[in-house]
**Student:** 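Here's a structure for you.
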Amino acid sequence: MQSKLLRGTFILTFGTILSKILGLIYVIPFFQIVGRSGTTLYQFSYVPYTIFISIATAGVPLAVSKFISKYNALEEYAVGRKLFKSGLMIMLLTGFLAFLIMYLAAPTLAEMSISGDKKANLSQVTTVMHAVSFALIVVPFMSLIRGYFQGHQSMGPSALSQVVEQIVRITFTLLGAYVVLHVFNGKMVTAVSVATFAAFIGAIGGLLVLFWYWYKRKPYLDELLTHDKGTIDISLKEIYKEIFISAFPFVLVGIANPLFQAIDQFTFSKAMAEIGKAPSVAESFFSILNFESHKIVIIPVSLATAFSLTLVPSITKAFIEGDKHSLNRQLNQTFQVLLFLTLPAAIGLSLLAEPVYTAFYQHDLLGASVLRAYAPVAILFSLYSVTAAILQGINEQRYTILSLLVGLLIKLTLNIPLIKMMETRGAVLATTLGYTAAIIINIIVIKLFARYPFRFVWRRSLLIVIFAGVMWVGTEVVYKLLLLFLSPASKMQSVLIILISAGVGAGIYFYLGLKSGLARRLFGDKVDRLMTKLRLPGRRSVEN
């Protein structure tokens, strides 16, 4: 049973990571097809869509999977089926309502997003928002079916449907935009509308996969009902009350990043207009910040956070059992893994911002400077996600609402003044200050309620910072030498610069981690096997 659970968790994690990777790398060809004007239009619609989809699902699919798993363990299969059927109706309703609200509110959202008297742009942004809103009808419904399969410890349907959804969406996005612009010589707004409508097409693809699995497994699921004990009679009202109370804080955490982006979307152009920047310039700067740079910064965040969050279930178990030693050990491990992975990635992105930006999009000194300033914020994105998840593990998720609201308030208060002072970097600084405040609140709550001493993590963090500093120096030396022969204005040469510089930097960093014993302490047997292959002796000088 345990091996089945671990296998299922691995399949779902692999599917989720593959889906995220696909969702990140498609921006490279997409930018080449539609350019900056297209990505600006695209981003104007996708930030509101992300917020609406999170509200429409409200964490119900994940919560439903937990309840179904719970009642299946009690052999009360009928309760899970009843919850599933009612959940489908609720998701259809909330999805349709979310679609209706976004579709009708699109002109208002578009007007809030752009500056100046630009009726043509207003019409374009409205059209693109209308196109993406259709996906809201399908995605919540599809998410609940995934939750139902996960509740039965069947992770394959969810994993495959996620991957298929992304593949269909990305294929439709790229082909649709290309055909509109380069085959039919259509307008940019039409191309981007097709690209955003791809979210609906992708959801249909994912849903068809789930329907196929449902058809194949329905006889087995129906057979479970014949073994139902039927001893529990619980009302759906009570179940949903518990679901929404437990899920609401995590809905907010899930949309934290889109909410910060939404503040930029609704204030950036207006603030830039007030300092005399033309609307076209402001929108170009917005695309650099909220789409192009953000997509790159999220890459290390996704990988490091996914790895760290795998440790959260053991934190929950230790907290519930009152095992203080185990809890502290798990928290130490979580924070160290997060910093060990995110810090060098953020530093590397900042240092190699110019060739990285060229490799992803085009040579643009402004884009490179924004990415250079934005890259370190990846550390804060990761820390916020993990500290919020730890609050879940110690059953203090209510404070995640407080920390997020404080962070958003700081962002909202400082965004316009800082943009006026520092332009795009001002928006980055406002995000930095907002996330920092939210993380500090989360850390204080962890310290108070988990009685967790941070002294060990501070000491170990200093060691990681030293290693990252050495890596930085080594990487910069190699980077400066390469600039004598290669140009970051060329895509191919930029890729070479990244591969060589990042390779040297990674080699320095992980060598220090291996020789100090830190990497082995954090990653266990995997590092031991690597050290054996490399014929490096283990060092146990770093305390556990």
Side-chain angles (χ1 to χ4, degrees), residues 19-20 23 39-64 87-114 122 124-147 162 165-166 169 172-173 192-204 206-207 243-244 247-268 286 290-291 294-295 298 400-401 404-405 408 411-412:
S19 177
K20 284 186 176 182
T39 58
T40 304
L41 265 179
Y42 186 87
Q43 186 66 4
F44 276 145
S45 69
Y46 244 84
V47 170
Y49 166 74
T50 305
I51 295 171
F52 272 101
I53 200 66
S54 299
I55 294 171
T57 54
V60 171
L62 178 61
V64 164
L88 287 178
M89 297 304 297
I90 289 175
M91 289 296 96
L92 277 174
L93 178 63
T94 58
F96 185 77
L97 284 175
F99 154 72
L100 206 59
I101 293 169
M102 184 173 179
Y103 192 92
L104 296 175
T108 304
L109 293 171
E111 194 170 358
M112 292 169 64
S113 301
I114 61 178
L122 185 65
Q124 289 177 359
V125 175
T126 302
T127 300
V128 173
M129 286 185 179
H130 282 162
V132 77
S133 64
F134 285 93
L136 291 166
I137 301 172
V138 181
V139 173
F141 180 82
M142 175 180 64
S143 299
L144 189 87
I145 300 176
R146 286 175 179 164
Q162 283 182 27
E165 179 189 2
Q166 279 286 45
R169 183 181 74 83
F172 194 88
T173 294
V192 178
S193 295
V194 169
T196 54
F197 187 72
F200 175 79
I201 302 298
I204 294 295
L207 192 58
I243 284 175
F244 284 114
F248 181 69
F250 307 109
V251 174
L252 291 181
V253 172
I255 61 173
N257 210 271
L259 286 174
F260 274 83
Q261 287 186 289
I263 291 173
D264 282 329
Q265 179 164 328
F266 298 141
T267 60
F268 188 85
F286 171 77
N290 239 22
F291 182 83
H294 186 79
K295 284 288 186 181
I298 286 296
T400 58
I401 302 173
L404 177 59
L405 290 178
L408 289 171
K411 169 72 172 174
L412 189 60

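Below, all heavy atoms of this structure are taken into account, side chains as well, without hydrogens, waters or symmetry copies. All values reported here derive from a predicted model rather than from experimental measurement.
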**Student:** Output the distance between atom CD1 (Ile255) and atom OG1 (Thr50), rounded to the nearest 0.5 Å.
**Tutor:**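 OG1 of Thr50 is found 9.5 Å from CD1 of Ile255.
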**Student:** Measuring from Gln265:CD to Thr40:OG1, what's the distance to the nearest 0.5 Å?
**Tutor:**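 Rounded to the nearest 0.5 Å, the CD-OG1 separation comes to 10.5 Å.
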**Student:** Determine the minimum heavy-atom distance between Pro107 and Thr126, stating which atoms define it.
**Tutor:**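 What the structure gives for the nearest pair is CA-OG1, 3.6 Å.
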**Student:** What is the ring orientation for Phe286 with Phe44, classed by angle as parallel under 30°, tilted 30 to 60°, or perpendicular over 60°?
**Tutor:**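 Parallel.
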**Student:** Looking at every non-hydrogen atom in both residues, tell me the closest pair between Ala135 and Pro140 and how far apart they are.
**Tutor:**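 Closest heavy-atom pair between Ala135 and Pro140: O-CD, 4.5 Å.
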**Student:** Do you know the tightest heavy-atom contact between Ile51 and Leu259?
**Tutor:**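 Smallest interatomic distance, heavy atoms only, reads CD1-CD2, 3.8 Å.
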**Student:** Between Ser133 and Tyr103, what is the shortest heavy-atom contact and its length?
**Tutor:**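 Closest approach of Ser133 to Tyr103, heavy atoms only: OG-CD1, 3.5 Å.
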**Student:** To the closest 0.5 Å, what do you measure between CZ (Phe197) and OG1 (Thr173)?
**Tutor:**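 These two atoms lie 11.5 Å from each other.
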**Student:** How long is the span from the CD1 atom in Ile137 to the OG1 atom in Thr94, to the nearest 0.5 Å?
**Tutor:**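 Answer for the CD1-OG1 pair, Ile137 versus Thr94, is 11.5 Å.
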**Student:** Drop me the distance from Ile204's CD1 to Arg169's CZ, to the nearest 0.5 angstrom.
**Tutor:**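 These two atoms lie 15.0 Å from each other.
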**Student:** What is the ring orientation for Phe99 with Phe96, classed by angle as parallel under 30°, tilted 30 to 60°, or perpendicular over 60°?
**Tutor:**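 Phe99 and Phe96: tilted rings.
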**Student:** Can you find a heavy atom in the side chain of Met91 that is under 4.5 Å from one in the side chain of Ser143?
**Tutor:**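 The answer is no; the side chains never approach within 4.5 Å.
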**Student:** Between Phe52 and Ala98, what is the shortest heavy-atom contact and its length?
**Tutor:**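 For Phe52 and Ala98, the tightest heavy-atom pair comes out as CD2-O, 4.0 Å.
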**Student:** Compare every heavy atom of Ile114 with every heavy atom of Val125, then report the nearest pair and how far apart it is.
**Tutor:**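 Smallest heavy-atom distance, with atoms named: CG2-CG2, 4.1 Å.
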**Student:** Run Phe291 and Tyr46 through ring pair (Phe, Tyr, Trp, His ring centres under 6.0 Å) and show every step you take.
**Tutor:** CA-CA 10 Å; Phe291 182 83; Tyr46 244 84; 8.8 Å; no
**Student:** Got a donor-acceptor contact below 3.5 angstrom from the Gln261 side chain to the Val47 backbone?
**Tutor:**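 Absent.
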**Student:** In Å, rounded to the nearest 0.5 Å, how long is the span from NZ of Lys295 to CG of Asn290?
**Tutor:**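 With rounding to 0.5 Å, NZ (Lys295) is 11.0 Å from CG (Asn290).
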**Student:** Indicate yes or no for a side-chain donor-acceptor contact from Ser45 to the backbone of Met129 under 3.5 Å, with no hydrogens or angles considered.
**Tutor:**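 Answer holds: no.
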**Student:** For a 4.5 angstrom cut-off between non-hydrogen side-chain atoms, does Glu165 reach Met142?
**Tutor:**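 Result yes, sub-4.5 Å side-chain heavy-atom pair found.
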**Student:** Taking it one step at a time, do Leu207 and Ile145 satisfy side chain to side chain contact (heavy atoms under 4.5 Å, CB included)?
**Tutor:** CA-CA 9 Å; Leu207 192 58; Ile145 300 176; 3.8 Å; yes
**Student:** When you compare the side chain of Leu136 with that of Ile101, does any pair of heavy atoms fall below 4.5 Å?
**Tutor:**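 With C-beta onward as the side chain, the pair stays apart.
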